[in-house]
Amino acid sequence: MSARAKKSPIRIIPIIPVLILLLIVSTFSLPVHHSPLNTPQLPPTGITWVTEPLQQVYNLIQSRFIGLIPGNYTEPSSSDYSTMSTIFGLTSTGVSQNDAGSILNASNLATQLNYQLIPVNDSATGNKYYVLMENTTVNRGWGSYLFAAERSPSTTQVIIEAPHPVTDFNSQQIAYTIFTGAYPDVSALLVSGVERTFGPNGQTDMAHRTQSIFETAHETFIKFGSVVIQIHGFDAARHATEPLVVLSDGDGGINGALQAIASNLEAANLSVGIFDGFTHEKLGAQKNIQGRYARAFGAGFVHSEISSIVVYNDTLITQYENSLTKSILNNFGFPAYQIDIKIPIIALGIMSFFFVAGYRLSKTNPD
């Protein structure tokens with residue numbers, strides 16, 4: 001019998017292990033129903049809490065914006081930046097690692113810069129916060145910073161920012177409402193201490209300054225995969241053709257958080273426009289400093305411009321606030337489910353076995 005007439009050995013076709021792998025993944029990579037972590041990590045012990053309405057504390061912050069009242073914005077020194085960065089870092093560690101020592105160290109360090117870190121037990125809700133604000137003896141416009149004292153079980157770190165208080169139509173109160181409504185799924189609320197229009201040459205525009213205490217806080221809390229939502233407002237009379245809300249990530253792209261927020265706003269019957277590089281260009285935040293930094297570190301950035309029509313309508317602004325709160329509490333719809341790491345490992349092992357077996361069989365049965 002000729003060599004051509006010999007029966008070719010049966011080989012394991014590579015497609016077989018691939019099909020098996022797909023079968024495994026489709027069968028087992030369904031939602032893994034682990035016990036849900038619905039209870040946030042409680043604040044560390046050893047902290048003395050001040051029980052009072054958080055809104056009352058925030059009202060004091062709002063009453064002291066430079067521009068709203070007479071005052072002078074003070075440029076921080078390099079030492080000021082370094083110390084504030086350390087304070088922010090200690091506060092972040094204190095919350096994330098349940099470490100009272102870090103919180104106390106941050107509080108002690110804050111006093112050196114005429115700041116106070118106040119542990120507030122909100123008497124209205126029972127939720128706990130850390131409030132970092134300037135002492136009433138100074139008013140330099142460096143901003144105020146609020147942190148959820150409990151650690152959220154959510155996998156996404158969310159930060160709310162209000163860089164243009166008062167000037168952008170009560171944006172600081174809107175940001176506060178979302179921050180407290182989504183407790184503890186929003187890690188921090190960053191609020192500038194000075195109006196955007198105060199001073200010549202826009203030196204108090206914290207969304208466009210590369211150096212400020214506000215930007216220092218932003219950079220401290222940004223992490224890969226976190227989401228920053230920045231609240232702004234626009235005059236409907238000056239932008240008559242714009243929808244009620246314009247969303248942007250600053251460079252014309254779209255991220256998952258932005259999509260989720262847009263979907264919830266539309267479900268609440270609020271018209272939404274998304275900056276795509278051309279449409280809504282004047283409200284696209286292309287020069288926003290915080291947006292650039294967030295994108296560079298792999299964080300999601302959502303710049304939200306709210307029409308004055310919405311801001312001054314109780315029903316519409318409530319719909320807006322509820323839509324963003326819902327988006328955050330739903331973790332923006334991602335991750336859709338958890339994947340058990342054992343599944344791909346087992347699948348890879350089985351696939352490797354078949355490939356090795358096929359290779360060895362082909363060597364023992366040559367043509």
Side-chain angles (χ1 to χ4, degrees), residues 29 32 34 37 40-41 81-82 84-99 102 106 130 145-163 175 178-179 182-190 206-207 209-231 247-262 274-275 284-304 324 327-341 344-345:
S29 289
V32 179
H34 300 301
L37 300 174
Q41 176 180 294
Y81 283 122
S82 177
M84 287 299 291
S85 179
T86 301
I87 293 169
F88 292 137
L90 286 169
T91 304
S92 177
T93 299
V95 174
S96 63
Q97 298 184 15
N98 197 29
D99 180 13
S102 293
Y130 299 113
Y145 308 92
L146 286 72
F147 311 96
E150 296 178 280
R151 186 179 183 184
S152 170
S154 168
T155 58
T156 305
Q157 175 175 277
V158 181
I159 302 163
I160 305 289
E161 298 180 347
I178 298 167
F179 169 64
Y183 184 90
D185 285 18
V186 178
S187 301
L189 169 62
L190 316 183
M206 296 307 161
R209 283 186 58 120
T210 56
Q211 274 199 316
S212 68
I213 299 299
F214 184 90
E215 173 64 13
T216 299
H218 172 83
E219 294 180 8
T220 300
F221 292 99
I222 288 296
K223 294 180 175 60
F224 177 81
S226 57
V227 173
V228 179
I229 303 174
Q230 204 168 85
I231 307 299
L247 302 177
S248 171
D249 78 338
D251 68 354
I254 298 178
N255 55 60
L258 189 153
Q259 287 181 311
I261 291 171
I274 297 177
F275 172 62
Q286 298 174 78
K287 297 181 180 180
N288 187 287
I289 296 301
Q290 288 80 45
R292 290 178 179 179
Y293 189 91
R295 292 191 301 273
F297 275 77
F301 181 71
V302 182
H303 182 277
S304 177
L324 265 71
S327 300
I328 295 167
L329 292 175
N330 288 342
N331 202 27
F332 307 107
F334 57 82
Y337 51 77
Q338 294 175 284
I339 297 179
D340 194 328
I341 190 62
I345 291 176

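For F147, the ring-ring contact (aromatic ring centres under 6.0 Å, His included) partners at least two apart in sequence or on another chain are F221. Among residues two or more places apart in sequence or in another chain, the side-chain contact (heavy atoms from CB on, under 4.5 Å) test is passed with A299 by I222, S226, A294. Legend: residues meeting side-chain contact (heavy atoms from CB on, under 4.5 Å) with S102, ordered by chain and number and at least two apart, are L90, T93, D99. When the side-chain hydrogen bond (donor to acceptor under 3.5 Å, both in side chains) test is applied to S152, the partners found at least two apart in sequence or on another chain are D185. Every salt bridge (Lys or Arg N to Asp or Glu O under 4.0 Å) that R295 has, sequence neighbours left out, goes to D251. Residues satisfying the side-chain hydrogen bond (donor to acceptor under 3.5 Å, both in side chains) criterion with S327, sequence neighbours excluded, are N264.
With hydrogens and angles ignored, the 3.5 Å screen pairs no side-chain donor or acceptor of Q259 with any backbone N or O of F332. Without hydrogens or angle criteria, N255 side chain to V302 main chain gives no donor-acceptor distance under 3.5 Å.
Minimum heavy-atom separation, D249 to L258: N-CD1, 3.7 Å. Considering every non-hydrogen atom in both V227 and T156, the closest pair reads CG2-CG2, 3.7 Å.
By the 30° and 60° cut-offs, the orientation of the rings of Y145 relative to F88 is perpendicular. Note on ring orientation: taking the six-membered ring where Trp is involved, the planes of Y293 and F297 are parallel (angle under 30°, cut-offs 30° and 60°).
Side-chain contact annotation: Q290 with E161, donor-acceptor N/O pair under 3.5 Å absent.
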Inset, instruction - Any chance you could lay out the side-chain contact (heavy atoms from CB on, under 4.5 Å) test for F275 and L247, step after step, and finish with the verdict? - result: CA-CA 6 Å; F275 172 62; L247 302 177; over 6 Å; no
